[in-house]
Amino acid sequence: GENVEQHPSTLSVQEGDSAVIKCTYSDSASNYFPWYKQELGKRPQLIIDIRSNVGEKKDQRIAVTLNKTAKHFSLHITETQPEDSAVYFCAASRNNFNKFYFGSGTKLNVKP
Amino acid sequence: DSGVTQTPKHLITATGQRVTLRCSPRSGDLSVYWYQQSLDQGLQFLIQYYNGEERAKGNILERFSAQQFPDLHSELNLSSLELGDSALYFCASSPVAGASYEQYFGPGTRLTVT
């Protein structure tokens, strides 16, 4: 089955700096890669996703890049703010397989 | 608010007991996924149902079972509970059967086994 690895497990940045979280996946058939943000004690919420037919997607301060050849994708947050502090999870799936495989999570701390 | 509801919010029970967690998906969503999140851990996929039928199984223990009813709500049954079953249990719903679509998570049920 699919194996998703996520790095780093914790990330501390100064407010205004950029943050990058990386994930690798093992199943070359995976074609959907969402990122979820989970604040303490709350539900995971989708912040951005990318499909395998594009290499990059951007939404304001958040962007995701996908390298299908290397089987890795990354989340980029620019101009970080304290409210970006949370745990971020990457995931990989493929349409006909009905399973989401989540990474182990990255705890992002943005220091004011 | 994602539109997915879960009850109860908190559950405290003793080892060896059995509990039932309930999930109502968003209106119109046919797929329900169940996840387990232990303390400071990631999301472990347990099982998925689509329109009443089991579609995919993850790392679900034999002591755990689930079903989806005709009104599309789902229940996760956990039996012979052990201390290690203490976790946050999330359900998520999506409108389609396949996994290449956003999942909307419920608020979770926090299970504590003492």
Side-chain angles (χ1 to χ4, degrees), chain A residues 1-10 21 23-25 27 29-54 57 59 64 66 73 86-109, chain B residues 1-6 9-10 23-26 29-51 53-60 66 68 87-110 112:
Chain A
E2 174 69 280
N3 181 42
V4 178
E5 294 190 357
Q6 184 172 347
H7 301 280
S9 57
T10 59
I21 304 170
C23 286
T24 60
Y25 60 99
D27 186 353
S30 289
N31 59 4
Y32 177 63
F33 307 93
W35 286 89
Y36 283 82
K37 175 183 179 182
Q38 186 179 27
E39 296 176 3
L40 189 62
K42 297 193 175 179
R43 74 189 79 195
Q45 289 188 290
L46 181 76
I47 54 171
I48 195 167
D49 56 11
I50 191 167
R51 299 183 187 277
S52 58
N53 57 346
V54 298
K57 185 176 178 181
D59 183 4
V64 56
L66 171 65
F73 56 111
V87 178
Y88 291 81
F89 292 97
C90 63
S93 73
R94 53 183 165 116
N95 191 51
N96 61 350
F97 210 52
N98 299 324
K99 293 182 184 180
F100 263 68
Y101 295 89
F102 281 86
S104 53
T106 296
K107 188 172 184 178
L108 173 64
N109 179 36
Chain B
D1 185 1
S2 66
V4 179
T5 60
Q6 286 186 251
K9 285 187 179 179
H10 302 278
C23 168
S24 293
R26 290 187 326 154
D29 283 0
L30 300 178
S31 267
V32 171
Y33 296 77
W34 285 98
Y35 294 91
Q36 180 192 55
Q37 186 175 39
S38 301
L39 189 63
D40 292 334
Q41 297 292 312
L43 291 154
Q44 295 295 321
F45 167 70
L46 296 178
I47 197 164
Q48 184 221 2
Y49 280 82
Y50 176 76
N51 204 19
E53 292 186 5
E54 180 186 307
R55 279 297 185 99
K57 255 184 176 178
N59 300 321
I60 187 166
Q68 186 179 30
L88 252 179
Y89 291 84
F90 287 103
C91 80
S93 75
S94 78
V96 299
S100 294
Y101 202 87
E102 177 177 0
Q103 295 190 3
Y104 297 87
F105 282 79
T109 292
R110 183 171 294 281
T112 302

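Here the structure is a predicted model, which is why all the values come from computation and not from measurement. By convention in this document, chain letters (A, B, ...) are assigned in the order of the sequence lines, proteins followed by strands, and residues within each chain are numbered from 1.
Within 6.0 Å of the CZ atom in B:Arg110, the count of heavy atoms belonging to other residues, nucleotides or ligands does not exceed 12. Around atom CG of A:Asn53, more than 12 heavy atoms belonging to other residues, nucleotides or ligands sit under 6.0 Å away. Counted within 6.0 Å of CD on B:Glu53, heavy atoms from surrounding residues, nucleotides or ligands total 12 or fewer; the atom is thus considered open.
Between B:Tyr35 and A:Phe102, the distance from one ring center to the other falls under 6.0 angstrom.
Interface residue B:Gln37: only side-chain heavy atoms are found under 4.5 Å from chain A. Only the side chain of A:Gln38 comes within less than 4.5 Å of a heavy atom of chain B; its backbone N, CA, C and O stay farther away. For A:Pro34, no part lies under 4.5 angstrom from a heavy atom of chain B. At a 4.5 Å heavy-atom cutoff, A:Phe33 makes no contact with chain B through either its backbone or its side chain.
The line from CD of B:Gln48 to CZ of A:Phe100 is 9.5 Å long, rounded to the nearest 0.5 Å.
Looking only at side-chain heavy atoms (C-beta outward), A:Arg43 and B:Asp1 come within less than 4.5 Å of each other. The shortest side-chain heavy-atom distance between B:Phe105 and A:Lys42 does not fall under the 4.5 Å cut-off.
Comparing B:Ser2, B:Gly108, B:Ala92 by heavy-atom pairs within less than 4.5 Å of chain A, the highest count is held by B:Ser2.
Looking at residues two or more places apart in sequence or on another chain, you find a ring pair (Phe, Tyr, Trp, His ring centres under 6.0 Å) between A:Trp35 and A:Phe73. Checked against side-chain hydrogen bond (donor to acceptor under 3.5 Å, both in side chains), B:Gln36 has the following partners two or more places apart in sequence or in another chain: B:Tyr89.
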